[in-house]
Amino acid sequence: EVEVDELQRLLAGMEKEHRSLLLKMKEGEAELARLRSVEGDKLAEQDRSAKLEKEVAMLREKIHHLDDMLKSQQRKVRQMIEQLQNSKTVIQAKDAVIQELKEKVAYLEAENLEMHDRIEHLIEKQVSRGGHSSRARSKSEYVSRNPFSCSKRLTGPKPLPLIRVVET
C-alpha cells in the first residue's frame with residue numbers, strides 16, 4: 001500500500017509536469033508564431049525561431065517520454081492493486097478455513113469432554129456397585145493419561161449440551 005501511494009504520488013507529479021510542459025510548449029509555439037509575424041531583423045528572428053522550434057521538438061520528445069512512463073506506472077499500479085485483491089481473497093479463504101477448523105476442534109473437544117464424563121460416570125457406577133475395583137482403576141488411569149483430555153470438567157452426572165458459537 002505504501003508503494004502504491006508512492007507510485008500514485010509520482011504519477012501525480014508526472015501528470016503535473018506533463019501539463020506544465022504542454023503549457024510551455026503552447027507558449028513556445030505562440031511565441032514562435034508571434035516572432036514570425038513581427039517585422040524586424042530577419043536574421044535574429046530566424047535564429048530565435050530555430051531555437052524555439054528546437055525547444056518545441058525537445059518538449060514534444062519529453063512529453064512523449066513522460067506519456068510512456070505514465071502508462072508504465074499506471075500498469076504497475078493496476079498490477080499491484082490486482083495482487084493486493086488476490087491476496088485479500090486468499091487470506092479471506094484461509095481465514096474461513098481456519099475458523100471452520102477452530103469450530104471443529106471446539107466441537108471435538110466438547111465431544112471428548114462429554115465422553116470423559118460418561119466414562120467417569122460409568123466407572124463411578126461400577127465402583128459404587130462393588131464391582132471390579134482393579135478394572136475401574138485401570139480405566140481411570142487410562143482416562144487421566146489420554147492426550148486429548150481437557151483440564152475443564154463439566155459438573156453433574158449428565159454432561160451439558162454442546163453450544164456452538166458461529167462468528168459472522
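Because the structure is a prediction, the values reported are computed rather than measured.
Rounding to the nearest 0.5 angstrom, the gap separating the CG atom in Leu70 from the CG atom in Leu66 is 8.0 Å. Gln79 CD to Asn86 CG: the interatomic distance, rounded to the nearest 0.5 Å, is 11.5 Å. A distance of 9.0 Å separates CD of Gln74 from CE of Met14, quoted to the nearest 0.5 Å. Note: Glu17 CD to Met69 CE = 8.5 Å, rounded to the nearest 0.5 Å. Between His18 atom NE2 and Leu11 atom CG the span is 12.5 Å, to the nearest 0.5 Å. Summarising the geometry, atom CG belonging to Leu84 is positioned 10.5 Å from atom CD belonging to Glu82; distances are rounded to the nearest 0.5 Å.
Clustering ILVMFWY residues whenever any of their side-chain heavy atoms sit less than 4.5 angstrom apart, transitively, puts Ile119 in a cluster other than the one holding Leu122. Under a hydrophobic-cluster definition in which Ile, Leu, Val, Met, Phe, Trp and Tyr are linked whenever side-chain heavy atoms come within less than 4.5 Å, directly or via other members, Met58 and Leu32 are assigned to different clusters.
His121 and Asp117 share no side-chain donor-acceptor pair at under 3.5 Å. Side-chain contact annotation: Glu111 with Tyr107, donor-acceptor N/O pair under 3.5 Å present.
Contacts classified as salt bridge (Lys or Arg N to Asp or Glu O under 4.0 Å) and involving residues 55-72 (residues at least two apart or in different chains) are given here: Glu29-Arg60.
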Side chain to side chain contact (heavy atoms under 4.5 Å, CB included) assessment of Leu52 paired with Arg48: CA-CA 6 Å; Leu52 287 173; Arg48 178 85 173 129; 4.2 Å; yes
CA sep, side-chain torsions, deciding dist, call: Arg118, Glu114, salt bridge (charged side-chain N to carboxylate O under 4.0 Å, His left out): CA-CA 6 Å; Arg118 284 182 183 175; Glu114 181 180 345; 2.6 Å; yes
Derivation and outcome, salt bridge (charged side-chain N to carboxylate O under 4.0 Å, His left out), residues Glu6 and Arg9: CA-CA 5 Å; Glu6 179 65 23; Arg9 186 187 61 77; 2.4 Å; yes
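Annotation: side chain of Leu101 is in contact with side chain of Val97 (closest heavy-atom distance under 4.5 Å).
Of all heavy-atom pairs spanning Val56 and Met25, the tightest one is CG1-CG, 4.1 Å.
Here Lys104 pairs with Glu100 in a salt bridge; the nearest charged N to carboxylate O distance falls below 4.0 Å.
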